[in-house]
Amino acid sequence: MATLPVIDLAEFSDQNQRKNMLEASRYWGCFRVINHGIPGPLQSQMKAAVRALFNLPDDVKRRNTDIIYSSGYLAPTLKNPLYEGFGLYDASSQTDVDAFCSLLDAQVHVRETIKTYAQKSHEVIINIATKLGESMDLKDQNFGAWPCHFRFNKYNFAQVSAGSNGLQIHTDAVFLTLLQEDECVGGLEILVPGSDSFVEVDPLPGSLLVNLGDIAQAWSNGLLHNVKHRVRCKDAIERFSIALFLLAPKDDKVEAPTALVNSDRPRMYQTFFYNDYRKLRFSTGLYAGEALSQLLM
Ligand SMILES: O=C(O)CCC(=O)C(=O)O
Ligand SMILES: [Fe+2]
């Protein structure tokens, strides 16, 4: 099991927290946060709300269609039979969150929970992005304007699937992910950097996991690490997780700020558009960060 660095967001005046966050982001591409501001009861209510959505009839679920490339409902497929997911774009907009709930005829308490959770988790992800920016001496980034995508994941694990992947090895095609894992069912594994071994991520109840994705790697000019991870089925038990993704700059243009480019660290990636990058990943089937190498200078 990997013991990931734990960052206390309430103690950020302590320089060590800042240093630890940057170190974890550069090495693991992943860390935990505690004292993040999402109360435990809201986390439980959100999980119950997500369960309720997965219990909807199939034709209702399919109303959750794509807004940006591959952002909507994903039914289990032959290739990925254990996985099912809802997607909500743009989770930073209460209007969009409302529209998603209306499409699915969500009950009042489900709608209220999703709206509150979206608002709170958006505050948390912006707080983390801002602190990460500051740890790289970038003070003028308006992460609050960057679009967000919610994904609710369900893994239909059964005895016969033990040992197989619920979610194949991938990097997240985003800047940051804020993940509420299943507090009871493990299975998330991350690749130890520079090796081919996976380690299970140790659960820490009440905490949230932060992953850095491909956009963090490209936008930081290669400073931040896009963690490779997967979900394995261990037991015959349904697993749920809730991921909020901070995607990319508002104008869709991914380009390292000039402060992160210098003669020792020349610009690594061509400027590209985020939506094109999503399409590139899906069209090439390269889900574990390899598509980024096609954008190297
Ligand atoms: O379910 C999990 O724990 C991980 C989900 C994940 O990796 C993702 O949604 O990108
Ligand atoms: Fe992921």
Side-chain angles (χ1 to χ4, degrees), residues 1-2 4 25 28-33 43 46-47 50-51 53-54 64 68-77 80-89 91 117-118 121 125 128 148-157 161 164-191 193 198-217 224-235 237-248 277-278 281-282 285-292:
M1 268 214 181
L4 289 175
S25 304
W28 287 106
C30 189
F31 54 89
R32 285 197 176 282
V33 287
Q43 287 187 253
M46 182 62 180
K47 191 164 164 205
V50 163
R51 273 179 182 270
L53 295 185
F54 281 109
N64 172 215
I68 58 167
Y69 198 77
S70 190
S71 70
Y73 174 71
L74 293 170
T77 58
N80 225 358
L82 306 177
Y83 175 80
E84 186 180 355
F86 285 100
L88 191 177
Y89 181 91
Y117 190 95
S121 55
I125 207 166
I128 294 168
C148 280
H149 181 212
F150 239 152
R151 192 154 270 295
F152 309 148
N153 302 311
K154 179 182 180 193
Y155 304 89
N156 295 297
F157 288 157
S161 50
S164 55
N165 280 347
L167 203 56
Q168 60 180 311
I169 173 168
H170 68 283
T171 53
D172 293 341
V174 306
F175 182 65
L176 281 188
T177 305
L178 185 68
L179 185 73
Q180 180 182 328
E181 305 148 89
D182 196 305
E183 74 277 15
C184 309
V185 191
L188 178 61
E189 299 181 349
I190 60 173
L191 191 71
F198 281 89
V199 279
E200 276 178 47
V201 174
D202 51 331
L204 183 62
S207 71
L208 296 168
L209 193 73
V210 178
N211 286 345
L212 284 90
D214 293 351
I215 301 305
Q217 154 83 20
L224 304 174
H225 178 66
N226 48 346
V227 59
K228 291 192 173 99
H229 53 289
R230 67 183 180 192
V231 179
R232 302 276 278 180
C233 167
K234 297 202 301 186
D235 294 306
I237 181 164
E238 286 175 342
R239 181 178 188 277
F240 295 87
S241 66
I242 300 157
L244 180 71
F245 303 111
L246 182 65
L247 300 181
Y277 182 64
R278 281 179 84 91
R281 278 192 30 141
F282 285 96
L286 299 171
Y287 296 113
E290 311 88 337
L292 269 185

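Remember, it's 1-based here, ligands and their atoms both numbered in the order they're listed. These numbers were taken from a predicted model, which means no experiment stands behind them.
The backbone N or O of F157 sits nowhere less than 3.5 Å from a side-chain atom of S161 that would complete a donor-acceptor pair. Checking side-chain atoms of H149 against main-chain N and O of S71 turns up a donor-acceptor pair under 3.5 Å. A donor-acceptor contact shorter than 3.5 Å links the side chain of R239 to the backbone of V185. Looking at N64, its side chain does come within 3.5 Å of a backbone N or O of G87 through a donor-acceptor pair.
L167 CD2, 3.6 Å is the protein heavy atom nearest to atom 6 (C) of ligand 1. Annotation: atom 9 (O) of ligand 1 to nearest protein heavy atom, N153 ND2, 3.1 Å.
Counting atoms of ligand 1 from 1 in the listed order, those under 4.0 Å from a heavy atom of Y155 are 1 (O), 2 (C), 4 (C), 5 (C). Set against the non-hydrogen atoms of H170, the atoms of ligand 1 under 4.0 Å away are 6 (C), 7 (O), 8 (C), 10 (O). Near V231, with a cut-off below 4.0 Å to any heavy atom, the atoms of ligand 1 are 1 (O), 2 (C), 4 (C). Each of the atoms 10 (O) of ligand 1 lies under 4.0 Å from some heavy atom of D172. The R239 neighbourhood of ligand 1 comprises atoms 1 (O), 2 (C), 3 (O), with distances under 4.0 Å to a heavy atom of that residue.
Contact annotation: for D182 versus ligand 1, there are no heavy atoms closer than 4.0 Å.
Side chain to side chain, Y117 and Q43 fail the donor-acceptor criterion of an N or O pair below 3.5 Å. Checking R151 against T177 by side-chain atom types alone, no donor-acceptor pair falls below 3.5 Å.
Taking a cutoff of 4.0 Å between a charged side-chain nitrogen and a carboxylate oxygen, R32 and E181 qualify as a salt bridge.
Note: no N/O pair closer than 3.5 Å links N211 and ligand 1 by distance alone.
Taking the six-membered ring for Trp and the full ring otherwise, F86 and F150 have centroids separated by 6.0 Å or more.
Within the structure, ligand 1 lacks R230 among the residues with a heavy atom less than 4.0 angstrom away. Look at H229 and you'll find a heavy atom under 4.0 Å from some atom of ligand 1.
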Quick one: do F282 and Y287 satisfy ring pair (Phe, Tyr, Trp, His ring centres under 6.0 Å)? Show the steps, please.
CA-CA 7 Å; F282 285 96; Y287 296 113; 5.6 Å; yes
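Looking at H229 and the Fe ion (ligand 2) together, the shortest N, O or S contact belongs to NE2.
Rounding to the nearest 10°, we obtain 90° for the angle at the Fe ion (ligand 2) between D172 OD1 and H170 NE2.
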